[in-house]
Amino acid sequence: MTTDIKNKMQIRKAIFKQSASNIKECPKPTLPEFAFIGRSNVGKSSLINMLCNNNKLAKTSATPGKTQLINHFLINEHWYLVDLPGYGFAKTSKTSRTKFETIIYDYCKKRDTLVCLFVLIDSRLPLQKIDLEFMQWCGETDIPFSIIYTKADKNSKSHLAQNVKNIEKELLSHWEELPNSFISSAETKTGKDDILEFIDYLIKENNVN
Ligand code: GTP
Ligand code: MG
């Protein structure tokens, strides 16, 4: 038990490294990274802050469309968490929507050091077409991804369980198996240990640390 606690992945240091408006401006691809993607307002930036115990690290907002650049956060001096702009924000003009989508798709496809993309899905809603399409694109493009259901605190336990079950059922009508998934809340810190443990496992498995 003591050993478990000692070996548990802890974020000791999290610093904002830089913002980039395209993949060429990103930090040199020398460290493993884990990126957060999903619809605008789903809670990507809040989740990064929750994992890092620092509510001021990534900028959050109740208004969708807050994160507009690729933001790298250097963790424990060894790996990156990456906050991405959201997709599917209806109020953005078509031009800027295309711009964000180009940034996102380019980053996901070309960033060699991306170990795992976390696709965030609002745990209160039925599976949204845009999320399904994005995950299908990840599958076709061979981009490794996991799902994180967000805002679990805004649900009753039974609604949460039923909704996740419905989403999984629908995913299984398209795919043979489900990706790894986590349930999270930036408010209550649900999912924190499991997500960090998974990242730790992937870093060790990739033997890049
Ligand atoms: P964009 O950068 O605009 O794409 O949004 P985002 O996905 O980064 O969302 P953000 O983290 O900015 O959160 C959007 C809103 O949802 C904010 O008002 C957050 O406080 C709220 N929020 C995020 N996560 C949670 C959560 O787990 N529980 C609750 N209750 N609210 C949350
Ligand atoms: Mg954001």
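In listed order, ligands and their atoms are each counted from 1. Only a predicted model underlies this, so the values are computations on that prediction, with no experimental measurement involved. Side-chain atoms are counted along with the backbone in the values below, which use heavy atoms only and exclude waters and symmetry mates.
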Ligand 1 to Ser45 polar contact by distance, N or O atoms, under 3.5 Å: yes
Taking every non-hydrogen atom, the tightest pair across Val42 and Lys151: O-CE, 3.4 Å
Minimal non-hydrogen separation, Arg39 against Ile130, with atom names: CD-CG2, 3.3 Å
Protein heavy-atom partner closest to atom 25 (C) of ligand 1 - residue, atom, separation in Å: Lys151 CG, 3.7 Å
N or O contact, Ser184 vs ligand 1, cut-off under 3.5 Å: no
From Gly86, Gly65, Ser61, Ser40 - option closest to atom 3 (O) of ligand 1 by heavy atom: Gly65
Distance-minimising heavy-atom pair for Asn49 and Asn55: ND2-O, 3.2 Å
Region of Lys154 engaging ligand 1 - heavy atom pairs below 4.0 Å: side chain
Parallel, tilted or perpendicular: ring planes of Tyr80 versus His72, cut at 30 and 60 degrees: perpendicular
Residue Val42 vicinity, atoms of ligand 1 by number, heavy atom under 4.0 Å: 7 (O)
Nearest non-hydrogen protein atom, atom 4 (O) of ligand 1: Lys44 NZ, 2.9 Å
Under 2.8 Å from the Mg ion (ligand 2) - protein N/O/S, by chain and number: Ser45 OG, Thr67 OG1
Side-chain donor-acceptor pair present, Glu205, Tyr201, cut-off under 3.5 Å: yes
Pro85-ligand 1 polar pair, N/O distance under 3.5 Å: no
Sub-3.5 Å N/O-N/O distance, Ala186 and ligand 1: yes
From the candidates Gly38, Ser185, Ser46, the one that places a heavy atom nearest atom 10 (P) of ligand 1: Ser46
Gln10 backbone acceptor or donor facing Asn76 side chain under 3.5 Å: yes
Cluster overlap Phe145 with Val164, hydrophobic side-chain contacts below 4.5 Å: yes
Under 4.0 Å to a heavy atom of Asp153 - the qualifying atoms of ligand 1, by number: 26 (C), 27 (O), 28 (N), 29 (C), 30 (N)
Pair Asn22-Asp106, side-chain contact (heavy atoms from CB on, under 4.5 Å): steps then yes or no: CA-CA 8 Å; Asn22 61 56; Asp106 224 40; 5.8 Å; no
Flag for Gln162-Ser158: side-chain donor and acceptor within less than 3.5 Å: no
Ligand 1 contact on Pro64 by region, counting heavy-atom pairs under 4.0 Å: backbone
Any residue meeting side-chain contact (heavy atoms from CB on, under 4.5 Å) with Lys59, in chain and number order, not counting sequence neighbours: Lys66
Per-atom contacts, ligand 1 versus Glu187 - under 4.0 Å to a heavy atom: 27 (O), 28 (N), 29 (C), 30 (N)
Heteroatom distance test (Lys66, ligand 1): nitrogen or oxygen, under 3.5 angstrom: yes
Ser123 versus Asn155, side-chain donor and acceptor atoms under 3.5 Å: yes
Glu197 atom CD, neighbour heavy-atom count above 12 within 6.0 Å: no
Where Pro29 and Thr113 come nearest, the two heavy atoms and their spacing: O-CG2, 3.3 Å
Option of least heavy-atom distance to atom 2 (O) of ligand 1 (set: Thr67, Leu84, Asn41): Thr67
